[in-house]
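Presented below is the structure to which this report refers.
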Amino acid sequence: MVKIQFSKGIDEEVVPEVRLTRSRTGDSGTATFIFTKPQILAEGSTEEVTGMYLIDEEGEIVTREVKGKFINGKAEGLEAVHVMKSAEEWERFMRFMERYAEQNGLGFNKAE
């Protein structure tokens, strides 16, 4: 089971838009996750966002860089940034994304 959580133990069911950038050398990269109206921010939710946890059979990838997006004072979305500082971190992240994409019917569009 591949999942994303913002608070340990609570799966996020909203599928994000994911934008990837990678250095020319392949030594580093950045993944930006954009969630529109995620469940963790739903009315009545008492859960606290403690980070973004990408969980699969290999383990867990954690990022603490999560920001809220507000419109007229209401939480409308979350943006999380995961920075990869090595080719190994990039490859691990891509394995997670392949599993997550397959499970959630996501496609990949390469920038031109």
Side-chain angles (χ1 to χ4, degrees):
M1 183 77 178
V2 182
K3 51 195 167 193
I4 296 177
Q5 299 178 347
F6 290 107
S7 187
K8 288 285 202 166
I10 299 168
D11 298 347
E12 180 56 60
E13 293 185 20
V14 171
V15 177
E17 175 183 336
V18 183
R19 298 178 184 162
L20 296 173
T21 59
R22 190 173 188 188
S23 69
R24 291 188 188 278
T25 61
D27 292 339
S28 62
T30 303
T32 303
F33 290 75
I34 300 165
F35 293 84
T36 303
K37 297 189 185 300
Q39 287 183 310
I40 191 104
L41 299 180
E43 192 108 8
S45 175
T46 58
E47 297 303 324
E48 186 177 328
V49 174
T50 58
M52 182 176 70
Y53 308 92
L54 309 176
I55 302 166
D56 65 9
E57 64 259 22
E58 287 186 58
E60 187 175 90
I61 301 170
V62 180
T63 184
R64 300 284 183 212
E65 194 174 329
V66 181
K67 300 178 206 161
K69 290 194 172 220
F70 295 84
I71 297 174
N72 294 328
K74 284 186 74 177
E76 293 290 326
L78 289 175
E79 183 176 297
V81 177
H82 174 61
V83 178
M84 296 152 278
K85 297 177 180 160
S86 69
E88 291 77 22
E89 285 183 16
W90 175 270
E91 294 302 323
R92 168 67 180 102
F93 174 79
M94 291 306 292
R95 289 193 304 275
F96 169 84
M97 283 308 300
E98 286 170 12
R99 293 175 185 122
Y100 188 79
E102 186 176 311
Q103 180 175 298
N104 291 284
L106 297 176
F108 177 72
N109 296 322
K110 190 169 185 166
E112 297 186 28

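- No continuous path of hydrophobic side-chain contacts links Leu41 to Val81 [ILVMFWY only; heavy atoms under 4.5 Å].
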Steps toward side-chain contact (heavy atoms from CB on, under 4.5 Å) verdict (Thr32, Glu65):
CA-CA 10 Å; Thr32 303; Glu65 194 174 329; over 6 Å; no
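- Residues Lys3 and Asp11 approach most closely at CD-OD1, 3.1 Å, considering heavy atoms.
- Judged by distance alone, with hydrogens and angles left aside, the side-chain atoms of Glu12 form a donor-acceptor pair with the main-chain N or O of Gln39 at under 3.5 Å.
- Glu60 has a carboxylate O that lies under 4.0 Å from a charged side-chain N of Lys8, or vice versa, which qualifies the two as a salt bridge.
- When each of Leu54, Val49, Thr50 is tested with Met52 by the rule side chain to side chain contact (heavy atoms under 4.5 Å, CB included), just one qualifies, namely Leu54.
- In this structure, CD1 in Ile34 is found 4.5 Å from CD in Glu17, a value given to the nearest 0.5 Å.
- Side-chain contact check for Val14 versus Lys37: every heavy-atom pair is 4.5 Å or farther apart.
- Met97 is connected to Val15 through a chain of hydrophobic side-chain contacts under 4.5 Å among Ile, Leu, Val, Met, Phe, Trp and Tyr, so both are in one cluster.
- Rounding to the nearest 0.5 Å gives a distance of 5.0 Å between CD1 of Ile61 and NE2 of His82.
- Residues that satisfy the ring pair (Phe, Tyr, Trp, His ring centres under 6.0 Å) test with Phe96, not counting sequence neighbours, are Tyr100.
- Between Val66 and Gly51, the shortest heavy-atom contact is CG2-C, 3.8 Å.
- Note on ring orientation: taking the six-membered ring where Trp is involved, the planes of Phe93 and Trp90 are tilted (angle from 30° to 60°).
- Remark: Glu57 CD is packed, more than 12 non-hydrogen atoms of other residues, nucleotides or ligands lying under 6.0 Å away.
- Residue Asp27 holds its CG atom at 8.5 Å from CZ of Arg22, rounded to the nearest 0.5 Å.
- Atom OH in Tyr53 sits 10.0 Å away from atom OG1 in Thr63 (nearest 0.5 Å).
- The closest donor-acceptor contact from the side chain of Glu89 to the backbone of Lys85 lies under 3.5 Å.
- Proximity of a side-chain donor or acceptor of Ser28 to a complementary backbone N or O of Ser23 within less than 3.5 Å is not detected.
- Linking Ile, Leu, Val, Met, Phe, Trp and Tyr whenever their side-chain heavy atoms come within less than 4.5 Å puts Leu20 and Leu78 in one cluster.
- Residues Ile4 and Val2 share a single hydrophobic cluster, defined by chaining ILVMFWY side chains whose heavy atoms lie under 4.5 Å apart.
- One hydrophobic cluster, built from ILVMFWY side chains closer than 4.5 Å, holds both Phe35 and Ile40.
- In terms of heavy atoms, Gly77 sits closest to Pro38 at CA-CD, 3.8 Å.
- Interatomic distance, Glu91 CD to Met84 CE, rounded to the nearest 0.5 Å: 10.5 Å.
- Formation of a donor-acceptor pair under 3.5 Å by the Ser7 side chain with backbone atoms of Glu48 is found in this model.
- Taking a 6.0 Å sphere around CZ of Arg19, one finds it holds 12 or fewer heavy atoms contributed by other residues, nucleotides or ligands.
- Note: Glu79 CD to Lys67 NZ = 6.0 Å, rounded to the nearest 0.5 Å.
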